[in-house]
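A short write-up of the structure that comes next.
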Amino acid sequence: MTAQTINAQVWTPPRMSARARATTSTLPMPAYTLLPVPGTGPEDVAFDAAGVLYSGLGDGRIVRSRPGTDTFEVVANTGGRPLGVETVPDGTLVVSDAYRGLLRVDPATGRIDSLLDERQGYRAGLCNNAAVANDGTIYFSDSSQVYDLANHVWDLVDHTGTGRLVRRDPTGAVEVMLDGLHFANGVALAPDESFVLVAEMGAYRIRRVWLTGPRAGQDEVFVDNLPGFPDNLSTGSDGRFWLALPTPRMPVLDWAHRKPGFVRRALWRLPAALVPPTPRTMWVLGLDTDGATVVDLQASGDAFHMVTGVGEHAGLLYLGSIVEPAIAVVPLPG
């Protein structure tokens with residue numbers, strides 16, 4: 001997939017809230033430390049039952065750091081661009097690779113297996129994030145059927161609505177649960193697995209699909225009009241969901257979405273000096289099972305920015321970034 005001209009959708013975004021215009025949170029971001037990684041771009045973070053930290057880097061390497069250490073070792077290389085990383089009780093990892101699709105990685109051996117078989121009728125576009133149920137079912141986001149990761153900004157500009165939430169059951173059968181999503185991104189399961197969430201980065205919202213109960217199979221908006229672009233989701237303690245917000249809302253993009261596609265493309269092809277820069281920020285939200293914000297932490301982003309993944313472990317938040325050479329470690333407030 002490469003950048004191309006398509007029929008861009010004209011869209012009227014929800015009005016930006018006062019929170020979207022603020023640059024810091026009311027509750028200050030706690031003092032944090034940086035855990036350097038041996039490369040750049042630890043986009044997501046995940047912990048196994050033994051407390052081992054895993055992440056994927058921009059050059060395709062999957063790395064881990066064992067408890068009590070601040071060093072990383074390489075366990076595999078996907079040869080693509082690993083984004084979401086999930087741990088599985090059997091000791092393996094489920095990795096959403098932007099170029100190679102949904103993968104199973106064995107850290108003990110370095111073996112990598114594809115979890116998507118095109119003979120079963122599904123070809124991934126841009127795998128982004130996943131959540132794994134207790135029975136081995138994998139729910140994953142396929143962000144765009146038009147653009148690859150290198151050109152993903154054009155999906156946000158064009159507002160293509162070609163993202164999907166997909167389910168892969170333990171037999172390998174694949175089913176599209178939701179389509180028409182605007183750059184599907186983070187995925188998380190409810191603690192009791194009664195529903196699954198998927199972030200729509202290009203629509204500033206999170207959708208919920210019920211998996212059990214009288215509403216099973218139905219979907220609804222879980223959170224709307226978010227103050228920034230929603231990225232990866234994870235399930236934390238106390239019924240919380242953690243949401244990474246890599247950048248705030250951009251008024252110029254909201255304005256452009258109301259215009260025909262050629263106006264947007266002309267704007268984004270201007271020299272960089274004429275395009276408003278993306279503000280640096282360090283931002284994460286905690287949401288409860290009703291979608292209410294219960295934790296809001298935002299700092300300036302001078303020392304660390306573009307948070308794309310969040311993992312909670314032992315009273316700490318570990319923040320990944322697709323551009324930084326480190327993971328930020330933040331004490332959990334309260």
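The chain is numbered in sequence order, starting from 1.
- Follow the hydrophobic side-chain contacts under 4.5 Å out from L287 and you never reach V221; the two are in separate clusters.
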Please tabulate, one pair per line, all N/O donor-acceptor pairs under 3.5 Å involving side-chain atoms of residues 29-45, not counting sequence neighbours.
residue : atom : partner : partner atom : Å
E43     : OE1  : N232    : ND2          : 3.1
D44     : OD2  : V85     : N            : 3.0

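- Residues in residues 55-110 take part in no ring-ring contact (aromatic ring centres under 6.0 Å, His included) pair, two or more places apart or across chains.
- In plain terms, the two heavy atoms of L226 and R249 that are nearest each other are O-NH1, 3.2 Å.
- With sequence neighbours excluded, the residues satisfying salt bridge (charged side-chain N to carboxylate O under 4.0 Å, His left out) with D219 are R207.
- Pairs engaging residues 165-185 under the ring-ring contact (aromatic ring centres under 6.0 Å, His included) rule: H152-F183, H159-H182 [sequence neighbours left out].
- Sorted by first then second residue, the side-chain hydrogen bond (donor to acceptor under 3.5 Å, both in side chains) pairs that include residues 315-332, not counting sequence neighbours, are H305-E324.
- Residues passing the side chain to side chain contact (heavy atoms under 4.5 Å, CB included) test with D192, sequence neighbours excluded: A190, S194.
- Residues V310 and V294 share a single hydrophobic cluster, defined by chaining ILVMFWY side chains whose heavy atoms lie under 4.5 Å apart.
- Qualifying salt bridge (charged side-chain N to carboxylate O under 4.0 Å, His left out) partners for R66, counting only residues two or more places apart in sequence or in other chains: E73.
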### Worked verdict on T160 versus D155 for side-chain hydrogen bond (donor to acceptor under 3.5 Å, both in side chains)
CA-CA 6 Å; T160 70; D155 198 280; 2.8 Å; yes
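- With sequence neighbours excluded, no residue satisfies salt bridge (charged side-chain N to carboxylate O under 4.0 Å, His left out) with D290.
- Under the salt bridge (charged side-chain N to carboxylate O under 4.0 Å, His left out) criterion, no residue pair touches residues 301-316, with sequence neighbours excluded.
- Through direct or indirect side-chain contacts shorter than 4.5 Å among Ile, Leu, Val, Met, Phe, Trp and Tyr, M16 is connected to no other residue.
- To the nearest 0.5 angstrom, S237 atom OG is 11.5 Å from H313 atom NE2.
- Residues E86 and V187 have side chains not in contact (no heavy-atom distance under 4.5 Å, counting atoms from C-beta outward).
- Partners of R61 according to the salt bridge (charged side-chain N to carboxylate O under 4.0 Å, His left out) rule, which considers only residues two or more places apart in sequence or in another chain, are D59.
- Using a 4.5 Å cut-off on side-chain heavy atoms (C-beta onward), P248 and W283 make contact.
- Side-chain contact between L126 and L83 is present, with heavy atoms from C-beta onward closer than 4.5 Å.
- Listed by first and then second residue, the side-chain hydrogen bond (donor to acceptor under 3.5 Å, both in side chains) pairs involving residues 15-24 are R19-D296, R19-Q298 (not counting sequence neighbours).
- Between atom CG of residue L57 and atom OG1 of residue T78 there is a gap of 10.0 Å, rounded to the nearest 0.5 Å.
- Judged by distance alone, with hydrogens and angles left aside, the side-chain atoms of N128 form no donor-acceptor pair with the main-chain N or O of N185 at under 3.5 Å.
- In this structure, the ring of F229 has its center less than 6.0 angstrom from the ring center of Y204.
- In this structure the side chain of V166 never reaches within 4.5 angstrom of the side chain of L116, judged on heavy atoms.
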